[in-house]
Amino acid sequence: MMNYDIAVIGGGIAGYCAAIRSQQAGKKTVLISQGQSALHFSSGSIDVLGRLPTGEPVNDPFAAISRLRYDSLGCSPLLKQPASGSAIPHPYVKVGHSAVKQSLLWFKEMLAAELPLFHQPDDANHWRITPFGTLKATWLSQPYVYQHRSQTNFREIVVVALAGYRDFQPQILKDNLARVADFAGIPIRIATIHLPSVAHDQRHPCERRSLDIAHLLQPESAWSAFCEQLTQMTQADDLVILPAVVGHGNGIETLARLQQATQRQFHEVPTMPPSLMGIRLETALHRIFIQAGGVHLKGDQVLRGQFDGARLTEIYTHHLSDIPIRAGHYIMATGSYFSQGLQASRQAIKEPVFGLDVAQTIPRTQWGGQDFIARQPHPFMTFGVSTNSHLHPSYCGKTIGNLYCCGAMLAGYDPVFEGSGGGVAIATAYHAIEQCLSHDACPETGQEVLL
Ligand SMILES: Cc1cc2nc3c(=O)[nH]c(=O)nc-3n(C[C@H](O)[C@H](O)[C@H](O)COP(=O)(O)OP(=O)(O)OC[C@H]3O[C@@H](n4cnc5c(N)ncnc54)[C@H](O)[C@@H]3O)c2cc1C
């Protein structure tokens, strides 16, 4: 038997945040994670709220969270109506406006030594140029992401292409960026770099991915050729858009070296998966958790749990077989459909580990909107595990008082439509651990709160 204060299930951004916050608070913590998280597909920037569920664009995400609260309390088009007819508040409403901001500032501070992240001084969203040449609102970005607001004074925008690399399409980026009004009048050009090591590599270009390029750039000769060509092809007052192919595990140091060698201003864009910018974030979170003394059962899967009334008493994993893991509190952060935290069949959506209650609309014909790219969230994206305001889920209608759900598995929001995925994951994980801590500090009050 293995005993912990807090057991966290799922190693995406929500699971890592919960595990780190818990371990840093002195709780003996185990993190059990099955496989790759959505971070391997992400930009590595943290979206807090890019637009409201109505589609209205958001400039200041924290101010807009207050509007979610107002709307979800009663007057609004933002409400989701599950089958039961009761409203499901947005997860930010459950966490509360000021705690959302507190959690994001904690996240930034916690990562500062491993991976510095930046936001605008006035706390507004900034625009990030995507690999498709569009602009996406986000809040917290990595050091070599250009944070666009409105004014630009670049001489030229240079999109760097790498000969023999498959996962970045510079022409699409260039063509779309040329249509963005903020960049009208600024010449946009593609500059193709030829790495000598790529020419000697026997593999077909279609097999070469970002990690391969990062490795090919490691020898000093390849690195020098790369820096030299970049310097020749660009000028100091250009914005140089570079696919995220440099550095694996040490990307920020490698980019700092690149800037030092070339004296250029870079904008790093994520590529098709594996996304080095997202992996960079995961690597940093992993390191922080381990350095804090946490136990990580990586590559293991939680299969089921045992309930005693309104409490989860133990969980069982694939590798530990019939040896239970026991904890005072359990945090569940197993993600959405993407990570199999939710599973959809033709009839219904289910949470596969414990069979927790899921908010969803039936029949299936109402799961999606008419258009794939829609002006409103698709209903199925807002389905998920329903919780009370303390993030406790229910099992067969009974609230489980020592289990908390967070991140993409939650009902009541669409992370993709709203651009709120990273923010909700961090805020709900932080909120869940705060409640575990206050429950342990004052069990009597905690118990009252749960009831
Ligand atoms: C393609 C894509 C790109 C995105 N890009 C961005 C972005 O750039 N910025 C942003 O802010 N948001 C982005 N999002 C949204 C955001 O990434 C997600 O909302 C957020 O990362 C979800 O984090 P999570 O920890 O809740 O879940 P996940 O990242 O899905 O992690 C869940 C983890 O739990 C594990 N797991 C599942 N079941 C079990 C089990 N039984 N036992 C053990 N482990 C289990 C999974 O393997 C996975 O590792 C993106 C989402 C997608 C799908």
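Indexing begins at 1, ligand by ligand and atom by atom, following the structure's order.
- Every N/O-N/O distance between Cys406 and ligand 1 stays at or above 3.5 Å.
- For ligand 1, none of its N or O atoms has an N or O atom of Phe338 under 3.5 Å away.
- The distance from ligand 1 to the heavy atoms of Ala333 drops below 4.0 Å at these ligand atoms: 32 (C), 33 (C), 34 (O).
- The number of heavy-atom neighbours closer than 6.0 Å to NE2 of His318, taken from other residues, nucleotides and ligands shown, is 12 or below.
- For Ser339, a nitrogen or oxygen atom sits less than 3.5 Å from a nitrogen or oxygen atom of ligand 1, counting backbone and side chain alike.
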Could you walk me through whether Arg67 and Asp60 pass salt bridge (charged side-chain N to carboxylate O under 4.0 Å, His left out), step by step? CA-CA 11 Å; Arg67 288 187 56 199; Asp60 180 338; over 6 Å; no
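- Distances from atom 27 (O) of ligand 1 to the heavy atoms of Gly335, Gly421, Gly12 show the closest one on Gly335.
- Ligand 1 has a nitrogen or oxygen under 3.5 angstrom from a nitrogen or oxygen of Gly35.
- Within the structure, the closest approach of Gly341 to ligand 1 does not fall below 4.0 Å when heavy atoms are considered.
- At least one N or O atom of Ile13 sits closer than 3.5 Å to an N or O atom of ligand 1.
- Ligand 1 has no nitrogen or oxygen under 3.5 angstrom from a nitrogen or oxygen of Ser33.
- Residue Gly407 approaches ligand 1 through these ligand atoms, each under 4.0 Å from one of its heavy atoms: 26 (O).
- Taking any N or O of Ser45, backbone or side chain, at least one lies under 3.5 Å from an N or O belonging to ligand 1.
- Summarising the contacts of atom 41 (N) of ligand 1 with Ile426, Leu39, Asp414, Val302, the nearest heavy atom is found in Val302.
- Within ligand 1, the atoms closer than 4.0 Å to a non-hydrogen atom of Gly422 are 10 (C), 11 (O), 12 (N), numbered from 1 in the order shown.
- Here's the thing with Gln301: none of its N/O atoms is less than 3.5 angstrom from an N/O atom of ligand 1.
- Residue-level proximity to ligand 1 for Met409 is absent, since no heavy atom of it falls below 4.0 angstrom.
- For ligand 1, the atoms sitting less than 4.0 Å from at least one non-hydrogen atom of Val353 are 41 (N), numbered in the order shown with element in parentheses.
- Checked by distance only, ligand 1 and Gln340 stay at 3.5 Å or farther apart across all their nitrogen or oxygen atoms.
- Atom 34 (O) of ligand 1 is flagged as protein-proximal [any protein heavy atom, distance under 4.0 Å].
- A centroid separation of less than 6.0 Å is found between the aromatic rings of Phe183 and His148.
- Listed by number with element, the atoms of ligand 1 under 4.0 angstrom from any heavy atom of Ala14 are 25 (O), 26 (O).
- The presence of a protein heavy atom under 4.0 Å from atom 50 (C) of ligand 1 is ruled out.
- The distance criterion of under 3.5 Å between nitrogen or oxygen atoms is not met by Ile9 with respect to ligand 1.
- Between Arg209 and Asp167 a salt bridge is recorded (basic side-chain N to carboxylate O distance below 4.0 Å).
- Under a 4.0 Å N-O distance rule, the pair Lys27/Asp440 qualifies as a salt bridge.
- With a 6.0 Å radius and a threshold of 12 heavy atoms from other residues, nucleotides or ligands, Phe132 has its CZ atom at or below the threshold.
- Annotation for ligand 1: atoms under 4.0 Å from non-hydrogen atoms of Asp300 are 43 (C).
- Heavy-atom proximity to Ile32, at under 4.0 Å, picks out these atoms of ligand 1: 43 (C), 44 (N).
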Checking Asp47 against Thr138 for the side chain to side chain donor-acceptor pair (under 3.5 Å) test, could you report, in this order, the C-alpha distance in whole Å, the side-chain angles of both residues, the deciding distance, and whether it holds? CA-CA 4 Å; Asp47 305 340; Thr138 191; 2.6 Å; yes
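- Screening Val30, Leu31, Ile331 against Ile6 for a side-chain contact (heavy atoms from CB on, under 4.5 Å) leaves a single residue, Ile331.
- Within 6.0 Å of the NZ atom in Lys136, the count of heavy atoms belonging to other residues, nucleotides or ligands exceeds 12.
- Judged by the 6.0 Å and 45° rule, Arg304 forms no cation-pi pair with Phe354.
- For the pair Lys136 and ligand 1, no heavy-atom separation below 4.0 Å is found.
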Pair His286, His296 - check ring pair (Phe, Tyr, Trp, His ring centres under 6.0 Å), show working. CA-CA 9 Å; His286 176 75; His296 193 174; 5.1 Å; yes
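- The Gln36 neighbourhood of ligand 1 comprises atoms 47 (O), 48 (C), 49 (O), with distances under 4.0 Å to a heavy atom of that residue.
- Taking the charged nitrogens against the carboxylate oxygens, Asp122 and Arg149 do have a contact shorter than 4.0 Å, which makes a salt bridge.
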